Structure formats: C-alpha cells, structure tokens
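Scroll down for the structure; my scribbles are underneath it.
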Amino acid sequence: MNGLVERFLAPEVWQTSREPLTGEERAELREAIAALRHPMVIEELCAMAATHPRADVRLTVLEGVEPFMATLPAAREFLVWLLGDDEDFVVFSAAKIAGRHRIGEAYEELLHITGPAEAGLLRSTKPVGIGAAVVAKAMDAILGAEDRAARLQLEREHTRTGQLPEGCALGEHWDYDPENLPRPVPEDMVLIPGGDFVVGIGMDDVTHPLYDVDDAVPRQVRHLPDFLIDRHPVTNAEYDAWANGPLAAEHALCHPDEPEDKDHRRGIVGDARFGPDHPATGVDWYDAYAYLAHIGKRLPTELEWEKAARGENGSLYPWGDTFDPDALRWFGASFGPAQSLEHWRDTLSTFDETTPAVTTVPVGTHPKNVSSYGVADLVGNCWEWTDTNFFTRDRMKPMISGRPRTEWATAEETSVVIRGGAWTSMREQVTAYFRGKDLFTDRHNEIGFRGVIR
C-alpha cells in the first residue's frame, strides 16, 4: 500500500505539473489495487482517491476497486461519491459501473441527476446529452427495467415501500458475505438472521407525547441479510484498555479523516459515576469508529440497529409494545418523570459533579431490556452512535480535515443518527424507532456504541 500511495496518490506528486497517467501506469495501478485484500486498506485508498486533484487518478482507482463492489462498502461509497464528480468521464464511468453491478446505493444520487421517470413521461423534457443518456441507462439497469415506462412502476413502488427490487441494495452495506460470518457466533455477539422487518411507525403509535415526535420514518418493510451485533454496548473498561494502548496512539486503522494526532482517551474518564462496567461514553464518532476497526468490527447502520432492537414485527420497545419504566435507565429513573419540556430542560440544567448521584448503570442491569434476538440494553442508559447520516440516511462520509470548524459544525454532513435514548432521555426518546442526532465530533456522557460484523 505504501508503495502504491507514494507512486500514484501522494499529494506532493501532483503539486507540480506532470503528464496524465499513461496506459501502462493505469494498468499498473489497477493491478496493484486488485492485489489488496484488507477492507480497511481499500477504505483508506478510496478515501484518498475521492479528493485526489487528478481526475485520471480518481477514475483509475474506481476501475481498480470495481471487483470489490459486491462485498466492500468503501468501494460502493467511493462510486456514489464520484457520481458528483466535476469531470464528465468520471461520472459516466461511475454510472456505468453502478448499472453493471446494480448498485442500489447509487440510485438516489442518479435520481438527483435526471429526476424520476414520471417527470419525463408526464411532461415534455429536452434531452440534455451523453450524461442524461448514460444515467438513464444506469437507472434502468439498477431497477431491472426495460424502458422508462417499466421504470416508472418500479420507482413508484420504491416510493411506497422504501425498497428497491430484489438484486440491488439501498443505503445498506455488508463487510463480508453473510455465509462467511464468523462461526460459531462469538459469545459476546448475536446473529441477526436475514429477512424482512418493520421499521418506522404510524402516527397512531404515538400516544400523549410531550412534543411532536417527527424524528421517525413512516412504517415500512425493509430487508437486510444476516449480520452479527454486540450483545451489550462496549464498556468503559474495554474501551479504556484500547485507548491507553499503543494501537490507539498509532492510528493504524482510524478513519482517514479524523483530526491529526487525535487523543482517543475518553473525555469523562475522571468521573467516578461512569464505572468500568458501564457503557463507554464520552467518546465521539471517530473514537467509536477507531476502536471497532481495530477489533474487526464497525458501527451499525441505523437499519441494522433498529432490526436488532425491534425484531421482524417492529415492536415499539425491545421487550414489546408497552412502556415499562422499570425496564431501563431513563430520565424518569434519574430524576423522576418529566412533567413538561420546560421541566425536563430545567432539571437537566442542574447536572454537575454530584447531581444526579447515579448517571449510567452497568451494562446488563435491566434483564427485561432485551430484544427478541437476545440483544441487550438497546434503549436507555446511553444513546448509541450509528454509521448513518441523519439527513441523507446514507453511510457517514466525514470530510472535515483541513476545514475550519465554522464551515462544518452545522453542516448536514456531520449530523449522525444516534439511537436508543439515554439516562437523560424522556419516554418519547427511549423507543426502538426514535431517531436522535448529534454532531459526530461531540463527546457526550450520554452517547456510547456497539459493533457489528456483516
């Protein structure tokens, strides 16, 4: 990998003028990429290439990672990123690869380029040129449609159900073929079997809220293949053992966009209320990403998290559809039930070094707080980081390196979905469907995480 970077991708190589890559160099680069095997190496390569100043390098890396499209999420994310490239021939190639492999993750991006088929059928549109033609072909291929009329029906079905036809995916990735998941299942993980499941809610599911609960998707059926998820959140003891060790300091598998020389040690390590067997809070999204990468896992997408929490039939809480105030650690257990939004805010503002005396509690404290699959502590105690952007619902693609904080702190790209509610959360937030959000560089004593393998 180092030789490949130095020869083709190092920024200093392109700071002075040089000729475009020759045919022989492009072939050499593609061959070198084909020999790579570790998912994290390919992810780092794609991250470097995504912002490379030379279009021929971006294109050649895309061609090189094409064989990994089926199994490695970074390759698919890179392709979707290049659908917004400034250079036509990069976009055209990305669209053709998306169609060739029926990469459903590219569907929404392609839709932004040409609009839905219905627009072209129901009103006159002027043909634009090569780009529109290539993109239309790619969308037909992804959906499995023979023409625009057939595509119209499939697009309407996608709008209704949130699903693309069998054979392509939408906003979901896996790191391994499901058949190759670790066997036997590790004792600290749970196998979530592949299949359809219910996500979101109908508004009749919300009773007497303190405020309008609009942070949920409409009830629909989705599909995921097999995956493994941690039975409990990562604990402070587990995280601290890594954060104080050499791997955290070397940053070998950290996210390529994380701040340089980042200190991964928890921000609340001195507060005795957050004990060693409590969930690891005081960590940001980069911290969670890095810890999991070093043990061969990643953060769950919000769909993976929700399926693990709700089962196939979409229960409102891991244990069923009826709220049980004694089944979890929440605001009511920490301070007493909230009487109003103002009461909730006023109470939380009393937080200091001694109030409340109990914040989080050890993982596994509430035996009822277990989903039908056997996954524990999914609601209450601490929110959990996911790998899903709150606004786009795509995988997180942080790109803040070298940018001033004022430029990205309020940008949609840095808002990550958090799930499950915490010891500070109201009843409406500690459900299995509520979609919280936070800035991914914040280190709150209310947000922890767990890992998945898929």
Side-chain angles (χ1 to χ4, degrees), residues 39 68-77 80 98 101-108 142-144 154 157-158 160-201 217-232 292 295-320 370-376 378 384 386-388 393-396 417 419-420 432-433 435 449-454:
F68 303 116
M69 291 289 165
T71 55
L72 296 185
R76 299 161 83 91
E77 293 170 356
V80 173
H101 295 274
R102 298 193 68 191
I103 297 177
E105 290 90 336
Y107 172 78
E108 296 287 349
I142 290 172
L143 295 175
L154 293 167
E157 184 68 10
H158 168 252
R160 185 179 69 83
T161 67
Q163 290 184 281
L164 289 175
E166 186 177 356
C168 56
L170 177 66
E172 298 150 8
H173 309 259
W174 49 95
D175 302 318
Y176 309 91
D177 291 330
E179 295 81 5
N180 295 330
L181 289 175
R183 294 290 194 273
V185 175
E187 290 186 5
D188 60 346
M189 301 195 81
V190 175
L191 172 65
I192 308 298
D196 293 346
F197 64 104
V198 173
V199 299
I201 57 168
V217 297
R219 181 182 292 273
Q220 57 191 267
V221 176
R222 300 298 296 270
H223 181 92
L224 285 175
D226 294 355
F227 65 96
L228 302 179
I229 188 167
D230 287 343
R231 189 177 300 277
H232 297 98
L292 293 172
I295 60 173
K297 301 178 185 180
R298 63 163 170 80
L299 286 164
T301 65
E302 69 166 324
L303 284 181
E304 290 166 343
W305 189 98
E306 187 162 340
K307 181 175 184 181
R310 303 183 69 183
E312 295 178 359
N313 298 320
S315 60
L316 303 184
Y317 305 93
W319 57 83
V370 177
S371 75
S372 60
Y373 295 118
V375 188
L378 283 158
E384 296 185 13
T386 74
D387 196 21
T388 299
R393 299 182 186 169
D394 290 332
R395 293 281 290 276
M396 286 296 294
V417 172
R419 286 298 200 118
Y433 58 79
R435 304 178 73 238
F449 67 99
R450 73 179 77 213
V452 301
I453 299 175
R454 177 173 152 202

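What you are looking at is a predicted structure, and each value in this text was computed from that prediction instead of being measured.
Considering all non-hydrogen atoms of both residues, G374 and V190 come closest at O-CG2, 3.8 Å. Closest heavy-atom contact between V452 and P300: CG1-CB, 3.5 Å. The minimum heavy-atom distance between D196 and H223, with the atom names listed, is OD1-ND1, 3.0 Å. Scanning all heavy atoms of the two residues, the minimum distance from S315 to A432 falls at O-CB, 4.1 Å.
Screening E304, K297, R450 for a side-chain contact (heavy atoms from CB on, under 4.5 Å) with I229, the sole residue that qualifies is R450. Each of D230, I295, L181 was scored for a side-chain contact (heavy atoms from CB on, under 4.5 Å) with I453, with one residue passing: L181.
Contact annotation: the side chain of L292 approaches that of F449 to within less than 4.5 Å [non-hydrogen atoms, C-beta and beyond]. Contact check for R298 versus T301: side-chain heavy atoms found under the 4.5 Å cut-off. A heavy-atom distance below 4.5 Å is not found between the side chains of E302 and E384. Side-chain contact between I192 and D226: absent, with no pair of heavy atoms (C-beta onward) separated by less than 4.5 Å.
Residues passing the side-chain contact (heavy atoms from CB on, under 4.5 Å) test with P186, sequence neighbours excluded: P182, D188, M189, L228. Judged as a ring pair (Phe, Tyr, Trp, His ring centres under 6.0 Å), and not counting sequence neighbours, the contacts of Y317 are W319, F323. Taking the side-chain hydrogen bond (donor to acceptor under 3.5 Å, both in side chains) definition, one finds that R231 meets it with nothing, sequence neighbours left out. Under the rule for a side-chain contact (heavy atoms from CB on, under 4.5 Å), the partners of V370 that lie at least two apart in sequence or sit in another chain are A376.
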Derivation and outcome, side chain to side chain contact (heavy atoms under 4.5 Å, CB included), residues T386 and L299: CA-CA 5 Å; T386 74; L299 286 164; 5.8 Å; no

Verdict with reasoning, F197 to V221, per side chain to side chain contact (heavy atoms under 4.5 Å, CB included): CA-CA 6 Å; F197 64 104; V221 176; over 6 Å; no

Criterion side chain to side chain contact (heavy atoms under 4.5 Å, CB included) on V199 and R219, from CA distance to verdict: CA-CA 6 Å; V199 299; R219 181 182 292 273; over 6 Å; no

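Remark: Q220 CD to I201 CD1 distance equals 12.0 Å, nearest 0.5 Å. A distance of 9.0 Å separates CZ of F227 from CG of L303, quoted to the nearest 0.5 Å. Rounding to the nearest 0.5 angstrom, the gap separating the CZ atom in R76 from the CE atom in M69 is 8.5 Å.
Between the side chain of T388 and the backbone N or O of R393, no donor-acceptor pair lies under 3.5 Å. In this structure a side-chain-to-backbone donor-acceptor pair under 3.5 Å is missing from K307 to R222. Checked by atom type and distance alone, the side chain of S371 never pairs as donor or acceptor with a backbone atom of R310 at under 3.5 Å.
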